[in-house]
Amino acid sequence: MKRLNSFPANGICGCLLLAGFSAIAVNLPADWQHEQTFHISTTGLVKINLPVETLNAARSALEDLRLYDDAGNEIPYVLARPVSLPKIVQNAKSFQVSLNANSTVITLETGLAQPLEAVNLETPAMNFIKAVRVESSSDGKNWRELAHGRPIFRQSYGAANLKILFPPVAAAWLRLTVDDQRSQPVPFTGASVQAAIGETAPVETLPVTVAERDENPGETRLALDLGAANLDVASLQIETAEPLFTRQVSIAVPHISEDAVREQRIGQGVIYRVAIEGQPTSDNLSLPLENRVRSRELILFIENGDSPPLSIKSVRAERRPVYLVFLARQPGAFHLLTGNARCAAPRYDLAALGMNLNSVPVTAVQIPPPSDNPDFHPPEVLPGLEVTGAALDTADWKFRKPVEISGAGAQQVELDPGVLAHAQPGLGDLRVMRGTNQVPYIIQHTSISRSLALTVMATNDAKNPKLSRWLIKLPQANLPLTRLTCTSPTPLFERSLSLYEELTDDRGDKYQHPLGEATWTQTPERKLKEFTLALDTVPQSDTVFLETENGDNPPIELGKFTATYPVTRVLFKAKPDDELFLYYGNPRVSPPRYDLSLVAGQLLAADKKIASLSGEQQLKKPSWQEYQVPGKGGVLFWGILAVVVVVLLIIISRLLPKSQPPA
């Protein structure tokens, strides 16, 4: 499996002078890119905590991790990944509710002999917040307080917390007193109890960098850089100075699906900081995850609803450590190797390690960051991937844009509205070209939204004064818009608004093509609320209409119109000084199929340079049929009809009897 190296004497001396040890002189395989040397002073079972740098340098499942001693012998090892035991949760044995003047009292028979740490309540009620006092008892008669002022709530937009935590206690009975002094009582229909677990898996705190922040309508999107890939992330901790808030939060990772990169949700939760009158402020800023994240990137979504975005000071992650356990037969230097994209996972006889690894203490050892193997050729991004694809005749493509790159390697370019409008709806006609050859690429669909300012004009109908209508001019036709937003200074109204465009069928008849509708209610307490209308379909023209019936009410005022579209990126690999073009605008071509999809994960994980698109170049003028803008059609129909009429007149004229000349 391993290949031994031979070094010139002067090369060995140079390495010894640089490293201070004989690490480079060891006969180590040359097929591994990275090497880390550490020293053990004892013999026997050794358990070391692998640094995040090692996890990041290795493949996702650590199948390329190898361990050698200073004599060049491969050392068998086993990986230990500690995990917490799942919490025992079961329904309460009995559940009783009594309604008092200022409180609701819930009495539970727990049915669990183990110590308890939480109770989960069930209620169909919406939009409430309550404080709860928790008491425990062994006989159902004598009670001892465990906690007070613990918040439970559910908001109209979905954020909820119905779990009440308290110090671990063995209790046959629990009594929960819900404070109803400041709001109406809510019904409770059931409860479950959660047992406390004495031992949990260790965690380590990891700083996280907020690499990108985007404000979408009603949602904040944070792209988080964990600093390393292949981490077992236990939770995220959010730090904010906001005094009071409740937010639903979800976590996603980039995921490769159908030859494209999409965002896959892997966790969700609620963060809050609430204050109930007469009670201390309570908060929960932790999001449990317990997921192995194979990329460096996590995406955090914070649902704001109609509230302003939160000010996020920082984000931290807690990760579960990964332990490497092996038998050291003698003290000395050992070498960790990582960075082999083609090797299979090792299969060792681990009979010597057949014991409880949890009982093995962690060895304190200093492991330096990975260094490059000098005999290993520094790999380029995606080694072995040909950046030049098959030749292609681009005569049928109508548009192209130059792609400006800042250097070689993995590239990322965002598609602008011009490309999105002129390309196929599924983007199957995109081609990245270098000369006459294609450059393989993959498409990354994101949850980021970009806003477009709109030109709007009121076009009310004098014949129908109860109707309000606005003409909205879009930057261009066929834009893949997803939302239309606006605001209104009118303090009190309820309206049903519809969005449509006027198109013309093949006969030249105009008709309304619906795009979406929604109801908007505004009260003085929620003045200047932003209204969002989701589009059901993509507009075919560059002009749309928004209208509403006012009935016997005065017209409403609307302003600050914007439209949003989702951000789509193209990922590819480029060589130095490449002259690249993005071609699009061919409605009849099929989507390409590249072998690049087989290594899409490596391209996604690579550090990417940001490329940009220059001005649009029109290559082929549209045919006379394509000059017909949506909503202006019918020329073909009437032209054919005119030809048919002329032909019929000629035939009829020939069939008519000819007049006889006068005798």
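Worth knowing before you read on, the calculation uses all heavy atoms, side chains too, and leaves out hydrogens, waters and symmetry mates.
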Measure across [X] and [Y] and return the closest heavy-atom pair with its distance rounded to 0.1 Å.
X	Y	answer
G227	R296	O-NH1, 3.3 Å
A317	L226	CB-CD2, 4.4 Å
G428	V589	O-CG1, 4.2 Å
H335	T37	ND1-OG1, 3.1 Å

| note | Sorted by chain and number, sequence neighbours left out, side-chain hydrogen bond (donor to acceptor under 3.5 Å, both in side chains) with S286 holds for Q237

| remark: For T220, the side-chain hydrogen bond (donor to acceptor under 3.5 Å, both in side chains) test, sequence neighbours excluded, returns E215, N304

| request: Go through the steps to decide whether T54 and Q36 satisfy the test side chain to side chain donor-acceptor pair (under 3.5 Å), and finish with yes or no. | output: CA-CA 8 Å; T54 304; Q36 295 168 274; 2.7 Å; yes

pair [X]-[Y]: side-chain heavy atoms closer than 4.5 Å:
X	Y	result
V413	L613	yes
L580	P402	no
Y323	V362	yes
R262	I256	no
R316	P207	no
T482	T564	yes
L481	R483	no
L336	R66	no

| Crowding at CD, E579 (>12 non-hydrogen neighbours, <6.0 Å) |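 For E579, atom CD is not crowded (no more than 12 foreign heavy atoms under 6.0 Å).
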
| Would the number of heavy atoms belonging to other residues, nucleotides or ligands and lying under 6.0 Å from CD of E239 be above 12? | yes

Set of side chain to side chain contact (heavy atoms under 4.5 Å, CB included) partners for [X], sequence neighbours left out:
X	result
E290	A234, R320
E53	P51, P370
T543	L471, K473, F545
R292	R81, D232, R294

| task | Apply ring-ring contact (aromatic ring centres under 6.0 Å, His included) to Y348 and Y77, showing your working. | result | CA-CA 7 Å; Y348 298 125; Y77 67 85; 5.4 Å; yes

Hey, does the side chain of [X] reach the backbone of [Y] with a donor-acceptor pair shorter than 3.5 angstrom?
X	Y	answer
D393	A395	yes
Q540	N478	no
D429	Q424	yes
T363	V46	no
N230	A58	yes
N216	E219	no
Q268	V249	no
E263	I299	no

Residues forming a salt bridge (Lys or Arg N to Asp or Glu O under 4.0 Å) with [X], sequence neighbours excluded:
X	answer
K401	D416
K609	none
E414	R450
E212	R221, R569

Between atom [atom1] of [X] and atom [atom2] of [Y], what is the distance when rounded to the nearest 0.5 Å?
X	Y	atom1	atom2	answer
F334	I75	CZ	CD1	6.0 Å
L55	T338	CG	OG1	9.5 Å
F561	I472	CZ	CD1	5.0 Å
E35	L28	CD	CG	6.0 Å
S235	N291	OG	CG	12.5 Å
D64	W32	CG	CH2	8.0 Å

| message | As a quick check of understanding, evaluate side chain to side chain contact (heavy atoms under 4.5 Å, CB included) for D578 and V403, giving each step before the final call. | response | CA-CA 9 Å; D578 267 347; V403 182; over 6 Å; no

| request: Any chance you could lay out the side chain to side chain contact (heavy atoms under 4.5 Å, CB included) test for I238 and L300, step after step, and finish with the verdict? | output: CA-CA 10 Å; I238 297 174; L300 183 66; 3.8 Å; yes

| query | L474 and side-chain contact (heavy atoms from CB on, under 4.5 Å): which partner among L484, L454, T455? | reply |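 By the side-chain contact (heavy atoms from CB on, under 4.5 Å) criterion, L474 pairs with just one of L484, L454, T455: L454.
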
| said: Using the rule side-chain contact (heavy atoms from CB on, under 4.5 Å), only one of L289, D225, V208 pairs with L298; which is it? | reply: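 Looking at L289, D225, V208, the match for L298 under the side-chain contact (heavy atoms from CB on, under 4.5 Å) is L289.
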
Can you give me every donor-acceptor pair (side chain of residues 404-412, partner residue at least two apart or in another chain, under 3.5 Å) with its distance?
residue, atom, partner, partner atom, Å
E404, OE2, S614, OG, 3.1
Q411, NE2, G407, O, 2.7
Q411, NE2, G409, O, 3.2

| message | Would R265 pass as a cation-pi partner of F301, given that its NZ or CZ must be under 6.0 Å from the six-membered ring centre and within 45 degrees of the axis? | response | yes

| query | Could you go step by step and tell me if T240 and S311 meet the side chain to side chain donor-acceptor pair (under 3.5 Å) rule? | reply | CA-CA 6 Å; T240 176; S311 173; 5.4 Å; no

| Could you go step by step and tell me if L515 and D536 meet the side chain to side chain contact (heavy atoms under 4.5 Å, CB included) rule? | CA-CA 5 Å; L515 300 173; D536 300 326; over 6 Å; no

| remark: ring pair (Phe, Tyr, Trp, His ring centres under 6.0 Å) pairs touching residues 393-433, sequence neighbours excluded, are F399-H422, F399-Y584

| message | side chain to side chain donor-acceptor pair (under 3.5 Å) for N49 and E204? Distances and angles first, verdict last. | response | CA-CA 11 Å; N49 185 358; E204 296 178 356; 2.3 Å; yes

